[in-house]
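Written below as structure tokens is the structure these notes are about.
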Number of protein chains: 2
Amino acid sequence: MTRPLTSAERALATLRDLIMGGELAPGARLGEVELAERLGVSRTPVREALSRLAAEGLVEIAPNRGARVATWTVAELEGVFDLRSVLEPQLTAHAVPNATPADVDELDALARRMHEVGTPGPGQDLDALVPLNRAFHDRLVALAAHPTLATALAAAIHPPIVRRNFLTYDEASLRRSLAHHSEIVAALRAGDPEWARAVMTSHIANARAVMVRAARVRMAEQVAREEESA
Amino acid sequence: MTRPLTSAERALATLRDLIMGGELAPGARLGEVELAERLGVSRTPVREALSRLAAEGLVEIAPNRGARVATWTVAELEGVFDLRSVLEPQLTAHAVPNATPADVDELDALARRMHEVGTPGPGQDLDALVPLNRAFHDRLVALAAHPTLATALAAAIHPPIVRRNFLTYDEASLRRSLAHHSEIVAALRAGDPEWARAVMTSHIANARAVMVRAARVRMAEQVAREEESA
DNA sequence: CTCCTCGAGATTGTGTGCAAACCTAGAGGT
DNA sequence: ACCTCTAGGTTTGCACACAATCTCGAGGAG
């Protein structure tokens, strides 16, 4: 029998989904009354939800000025990747001894399906890749069975970024990323934690490079726009 | 001109101090009305403060049942040390290129004072050691200039644990710990990030060993008490 | 033309009341 | 002796009202 959720918890979950799903873009204003009406509750639980989301880093609250969906500078994004490049390889290494053959098979299936939808060509479907990628990484984190590291990682990874990042992979980087997943499966099957750790380190470094390049492009576009309007 | 703090922020700061300072022991009940009276505000800001402390991991909230100061199992404590053993060496390595000679001198002074008050003998004063240790580590984290890693670390380190841990150092471990501080200063002066990283890794491993031993002792004591009362 | 001042409106911060959920203790049945 | 159920008091969850603060634009001084 599952306990009925409180209003504040529903508000929290709904807002989180809205932000992570991209319906609420970074920088969007989050008025308390507006959200309260939208969710059918009073401002009190909305405030509580916003407060907790702020602690998660998904929204930013300025005293007396309200909340906005968090935005990130390039430097902050690089910081997040620094953190991931330390935590995820460690978690992956932890996962190795815990992975049963059945677990490895499931990860293998995910990696194969990512190849199917991710390989450039007629069958490519990048939108399908995002949830598969997420499932793969979540599965690995779960196998690590290390709540503290997992929590620290979850606090750092902001899915809107990952999602956006995925759409900016160039062909070579995307192929590398897909190959990494398969190679992690191989390392798991071999029971070699150092191998798995090394691949995951490469995987994050690759993602980081994609992110930095995309950020540079966005910045150049913005400069162009500003000069145009000047 | 510094903005006057809101009631919720005062409540948050006060509660955090009470918990970190040890006035509110782990497991202590945190009734909203009691805290509200104690802080001279209504329940609303208290609720907000508790909610944020819960997000920080310092208190645990059970729906409809109220808040308590967080407690940690040995496994959770070991998890925290796993996280620290990954993050702190990384932060320390980052700090090396940023440290000016003046910074190194300040850290050196802290390390020397820790030796003075920490060395077993007539001048020993373990209570003075705690703030010095904290100052040393905080200074290092600040030098790393890496907000993301620093935030992840701050979220994991619960000062009540560190404090309690310090009082359980045996003589050999304490000497090692003090020596580590001096050696980190030497690595900074030499400008060698890998040296600094290695020392910090040892430092955390040493602290972890002390924690595990202390936890075993506490567990044995508890078993003894339960058998006694049975 | 630029900068400052000052309201009106909107938005957040806090106090308070009430309903619902929870804990405790004790009566009664098995 | 043990379990079940219930009544009471206690505590939290939520809504609402009012106070405090901010935003933004109009108007005037320099």
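Nothing here was measured: the structure is a model prediction, and the numbers come from that model. All values below were derived from every heavy atom in this structure, side-chain atoms included, with hydrogens, water molecules and symmetry-related copies excluded.
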* Quick one: ring-ring contact (aromatic ring centres under 6.0 Å, His included) partners of A/Phe81, sequence neighbours excluded? -> none
* Pairwise distance CG(B/Asp82) to CD(B/Glu76) - rounded to 0.5 angstrom -> 12.5 Å
* Asked: For residues 25-37 of chain B, which residue pairs qualify under side chain to side chain donor-acceptor pair (under 3.5 Å), counting only residues two or more places apart or in two chains?
  -> B/Glu32-B/Arg43, B/Glu32-B/Arg47
* **ring pair (Phe, Tyr, Trp, His ring centres under 6.0 Å) pairs, two or more places apart, involving residues 5-46 of chain A** => none
* **Residues in ring-ring contact (aromatic ring centres under 6.0 Å, His included) contact with B/His94, at least two apart in sequence or another chain** => B/His146
* Asked: Which residues within residues 37-51 of chain B lie with some heavy atom under 4.0 Å of an atom in DNA chain D?
  -> B/Arg43, B/Arg47
Expected rows: protein N/O vs nucleotides 8-11 of chain C N/O, under 3.5 Å:
{"from": "C/dT11", "atom 1": "O3'", "to": "A/Arg29", "atom 2": "NH2", "distance (Å)": "3.3"}

* To do: Please list all pairs passing the ring pair (Phe, Tyr, Trp, His ring centres under 6.0 Å) test where one or both residues lie in residues 6-58 of chain A, with sequence neighbours left out.
  => none
* Selection residues 12-24 of chain A - residue pairs positive for salt bridge (charged side-chain N to carboxylate O under 4.0 Å, His left out), sequence neighbours left out -> A/Arg16-A/Glu56
* Please round to the nearest 0.5 Å and tell me the distance separating atom CG of A/Leu18 and atom CG of A/Leu53. => 10.5 Å
* Asked: Side chains of A/Thr6 and A/Glu9: do they bring a donor and an acceptor to under 3.5 Å?
  -> yes
* Measure from CD on B/Glu9 to P on D/dT21 and round the result to the nearest Å. => 13 Å
* May I have all residue pairs that pass salt bridge (charged side-chain N to carboxylate O under 4.0 Å, His left out) and include part of residues 86-98 of chain B, sequence neighbours excluded? => B/Arg84-B/Glu88
* Give every residue pair that meets the salt bridge (charged side-chain N to carboxylate O under 4.0 Å, His left out) criterion with at least one member in residues 135-159 of chain B, sequence neighbours excluded. => B/Asp103-B/Arg139, B/Glu106-B/Arg139, B/Arg134-B/Asp138
* To do: Can you tell me which stems involve DNA chain D, if a stem is defined as three or more consecutive Watson-Crick or G-U wobble pairs, both distances under 3.5 Å?
  => C:1-30 with D:1-30
* Is a donor on one side and an acceptor on the other found under 3.5 Å between the side chain of B/Asp125 and the backbone of B/Val117? -> no
* Do other residues, nucleotides or ligands put more than 12 heavy atoms under 6.0 Å from the CZ atom of A/Arg68? -> yes
* Asked: Expressed in angstrom and rounded to an integer, what is the separation of B/Leu30 atom CG from D/dT10 atom P?
  -> 20 Å
* Strictly below 4.0 Å, heavy-atom distances to any atom of DNA chain C: list the hits from residues 52-59 of chain A, or just say none. => none
* Look at B/Ser7 and C/dT14 and indicate whether a side-chain polar atom (N or O) is within less than 4.0 Å of OP1 or OP2. => yes
